[in-house]
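Beneath this line is the structure, given in structure tokens, with notes to follow.
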Amino acid sequence: TVVLASILCFVFGSTMQAALPDPISMWRFEEGSGETAVDTGIGGHHGTLVGDVSFVQDEERGSVLEFGSNESYVDTHAGITELGNADFSMAAWIHTFQDGVAIVGKTNDDREWSFHEKQFYLSPGTEQGAPVTGGVHFYGNQAGEIWGATPVNGGGWQHVCVTWDNDTDEQHIYVNGELDDLSPVWVYYGGRGDNDGDVVRIGYDGSGNTSADFSGRMDDVAIFDVTLTPEQVLELMHLALPETASSPLPYDKATDLLPQEVLLSWSPGPSANTHTVYFGMSFADVNDASVSNPLGVLASETQSDTSYAPG
């Protein structure tokens, strides 16, 4: 059942558990189609798909993003949060056979390293200090590095996470919920503030090599402005896939829409074959209505389409 109101509040079950902090931004890639990746975090930084990137249905994870070759990424058009002089955590589900590819970058758009630009990626194994080829790596240009010990580029879905505590300099890599720090290492991350105007892009390599943009599939990219604990990393990893319709377009609570622009759409739950749509002026009526008690807001019953055009 899909529930709509004229203020565009969609009623879906929440999957975020109380013990996990609210992400500043989280892209779950449940849209299924289109060129926009909806940010379900508190920041609302919706991303634009650029190049050979598209939504696909994955056998294990449902709707995910698939990145092709060369210049392919998601532009969030925003800095999201500080990744140097403040606590942060960043995580994603990835499926790739490549090393040296970017997961998330925070840079300008000239594809040349500038001081303090940041990148979360898989090591090609060629950096100084003998990193692990295909291991998880967080790098700040002239700001240090955080290295993981386990290759994650052998195919299959892998959950990767980096955390940074700016007060204590504690820094960690996690793979599939387990601590994965490579030690000892001769370098470590030292923070250093972000550059004004740098933007977060998913799958974007800022080093000047577009072939190092991400290649493969990605899901549930999340950025926090806190240092996740090991228990919270596990909770994030086990975050349930959406069971009901999700990722509405227009976005939840959108108000700046012209009448001719309004086509309501959503991503179906994994077991949904049909949808019943409720649409009206009262959130309470839309929320409480049913087929047997439509309250004047039953718009469409058991439709197979995943969109509705208010008439």
Side-chain angles (χ1 to χ4, degrees), residues 2 4 8 10 12 23-58 61-80 90 92-96 101-111 120 197-206 210-223 241-242 245-270 272 275 304-310:
V2 177
L4 312 177
L8 301 184
F10 286 59
F12 303 127
I24 295 298
S25 288
M26 185 169 189
W27 301 270
R28 304 210 68 184
F29 305 139
E30 294 299 317
E31 290 72 27
S33 62
E35 299 179 354
T36 299
V38 175
D39 179 3
T40 60
I42 62 178
H45 301 296
H46 309 304
T48 301
L49 277 59
V50 178
D52 187 14
V53 187
S54 61
F55 296 98
V56 298
Q57 287 295 315
D58 184 81
R61 297 198 56 81
S63 179
V64 302
L65 271 191
E66 185 167 80
F67 295 74
S69 58
N70 297 324
E71 193 166 344
S72 302
Y73 58 92
V74 179
D75 193 341
T76 73
H77 314 285
I80 309 295
M90 188 180 297
W93 279 99
I94 62 171
H95 186 301
T96 184
V101 291
I103 302 170
V104 176
K106 186 172 184 180
T107 66
N108 59 32
D109 60 1
D110 66 6
R111 295 226 188 232
F120 187 37
D198 281 356
V199 168
V200 169
R201 298 176 181 89
I202 300 168
Y204 181 90
D205 173 66
T210 58
S211 65
D213 283 357
F214 189 79
S215 176
R217 293 184 174 185
M218 198 181 304
D219 199 18
D220 281 9
V221 177
I223 301 176
L241 294 172
S246 60
S247 300
L249 289 174
Y251 316 124
D252 192 23
K253 301 181 182 178
T255 58
D256 55 343
L257 300 169
L258 297 175
Q260 64 267 28
E261 293 177 328
V262 177
L263 175 67
L264 307 177
S265 65
W266 56 90
S267 294
H275 304 83
S304 58
D305 292 342
T306 57
S307 63
Y308 171 73

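Just so we're clear, the structure is a prediction, and the values are computed from it rather than from any experiment.
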Here the pair of heavy atoms bringing D39 nearest to M26 is OD1-N, 2.8 Å

Kindly indicate whether the side chain of I24, heavy atoms from C-beta on, has any atom under 4.5 Å from the side chain of I42. yes

For D219, salt bridge (charged side-chain N to carboxylate O under 4.0 Å, His left out) partners two or more places apart: R61

Electrostatic pair D213-R111, nearest N-O below 4.0 angstrom: yes

With W93 via ring pair (Phe, Tyr, Trp, His ring centres under 6.0 Å) - residues at least two apart: H159

side-chain contact (heavy atoms from CB on, under 4.5 Å) test vs F29 passes for just one of V38, D58, I202, L49, namely I202

Do any N or O atoms from the side chain of T76 and from the backbone of V200 form a donor-acceptor pair under 3.5 angstrom? yes

Do V199 and D75 touch side chain to side chain, with heavy atoms closer than 4.5 Å? yes

Spell out, as yes or no, whether a donor-acceptor pair under 3.5 Å connects the side chain of T96 to the backbone of S215. yes

I'd like to know whether CD of Q57 has more than 12 heavy-atom contacts from other residues, nucleotides or ligands below 6.0 angstrom. yes

Just by modelled atom types, is the N108 backbone N or O under 3.5 Å from a matching donor or acceptor in the R201 side chain? yes

Using a 4.5 Å cut-off on heavy atoms from C-beta on, say whether the side chain of V64 contacts that of V56. yes

Only one of Y73, F214, F55 passes side-chain contact (heavy atoms from CB on, under 4.5 Å) with L65; say which it is. F55

